[in-house]
K.L.:
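Before we start, here is the structure in question, set down as structure tokens.
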There are 2 protein chains.
Amino acid sequence: MISAMILDGTYAEGDQLPSVRVFASEHGANPLTVAKAYQSLQDKGYVAVKRGIGMFVASGAVEQLRIDERAQFLTQSWPRIREHIARLGIEPAELLDPIDA
Amino acid sequence: MISAMILDGTYAEGDQLPSVRVFASEHGANPLTVAKAYQSLQDKGYVAVKRGIGMFVASGAVEQLRIDERAQFLTQSWPRIREHIARLGIEPAELLDPIDA
DNA sequence: ATCACTGTCATAGGGGCATAATACACATTG
DNA sequence: CAATGTGTATTATGCCCCTATGACAGTGAT
């Protein structure tokens, strides 16, 4: 969810992310869970921490995040989704407009 | 996985499914786990049990399964996948050929 | 210095799911 | 009848993730 927000520009490069407690409170989650998510993003270099201050979106994070998630999606997720679509006999035309629901 | 096998024709309508123990052994799973999966398919009417004999693919199961999973996919899965694709800036053309990996 | 804020760590508890090991009732076969 | 194979039920265990609660060190404002 946080990755999506960075990609969408909700949190731009250089912006400070909400504190783990604030973000947890806003989304009904546990601060520790948010902290783990932040830690994961930090490990991948998408955000950086200023000790005692907060987490900030790293410069170049959007582009790198898009590159990484594209590769992840195209190699991991999409092949299985494609198989599933084929198995159900769904035509590409049905996927273009959200009104098929 | 079992649903996919029924849709693919691995197990045709009227066919007997492998016993929970055999299927579990072949796939490195626990018989109870397979039994739960069979139970789920039974609840939805895709398979029927002959007491003391085994589980059999119900007549009309393929068509019903395709209808149900289509609805499930188009209303639940696809909208989120579509959002994800848009967020990553992936063009539909990149999704047609599996050689983008 | 004091306070409020930050990320981080430690401990404990709970829910979901798969596993593990039996046991039971039913059906077919020899 | 006895043996084998079927789905099903029971109980217990382990694993993983999230929650819950408290504490700590670093930073900035008052």
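Remember, it's a predicted structure, so these values are computed and weren't measured experimentally. The chains referred to below are lettered A, B, ... by the order of the sequence lines, with proteins before strands, and numbering in each begins at 1.
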K.L.:
Please compare B:Ser19 and A:Lys50 by the position of their nearest nucleotide in DNA chain D and report the one closer to 5'.
P.N.:
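The residue mapped nearer the 5' terminus is B:Ser19.
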
K.L.:
Whole Å only: how far is the NZ atom of B:Lys36 from the P atom of C:dA18?
P.N.:
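For the pair B:Lys36 NZ and C:dA18 P, the rounded distance is 7 Å.
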
K.L.:
Is there a donor N/O on one and an acceptor N/O on the other, under 3.5 Å, for the side chain of B:Asn30 and the base of C:dA18?
P.N.:
no

K.L.:
In whole angstrom, what separates B:Ile53's CD1 from C:dA25's P?
P.N.:
19 Å

K.L.:
Under 3.5 Å, is there a donor-acceptor pair between the side chain of A:Asp8 and the main chain of A:Met5?
P.N.:
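Absent.
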
K.L.:
How many whole angstroms separate atom CG of B:Leu32 from atom C1' of D:dA12?
P.N.:
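Result: 12 Å.
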
K.L.:
Can any side-chain N or O of B:His84 pair as donor or acceptor with the backbone N or O of B:Arg80 at less than 3.5 Å?
P.N.:
no

K.L.:
What is the distance from CZ of A:Arg21 to P of C:dA4, rounded to the nearest Å?
P.N.:
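In whole Å, C:dA4 P and A:Arg21 CZ are 13 Å from each other.
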
K.L.:
Without decimals, in angstroms, what is the distance between B:Tyr38 OH and C:dA18 C1'?
P.N.:
17 Å

K.L.:
Check whether A:Arg70 reaches the backbone of B:Ile85 with its side chain - one donor and one acceptor, N or O, closer than 3.5 Å.
P.N.:
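Here the side-chain-to-backbone pair does not exist.
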
K.L.:
Sub-3.5 Å donor-acceptor pair from the side chain of B:Arg82 to the main-chain atoms of A:Leu95, do we have one?
P.N.:
yes

K.L.:
Specify the separation, in whole Å, of atom CD of A:Gln39 and atom P of C:dC9.
P.N.:
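That distance rounds to 6 Å.
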
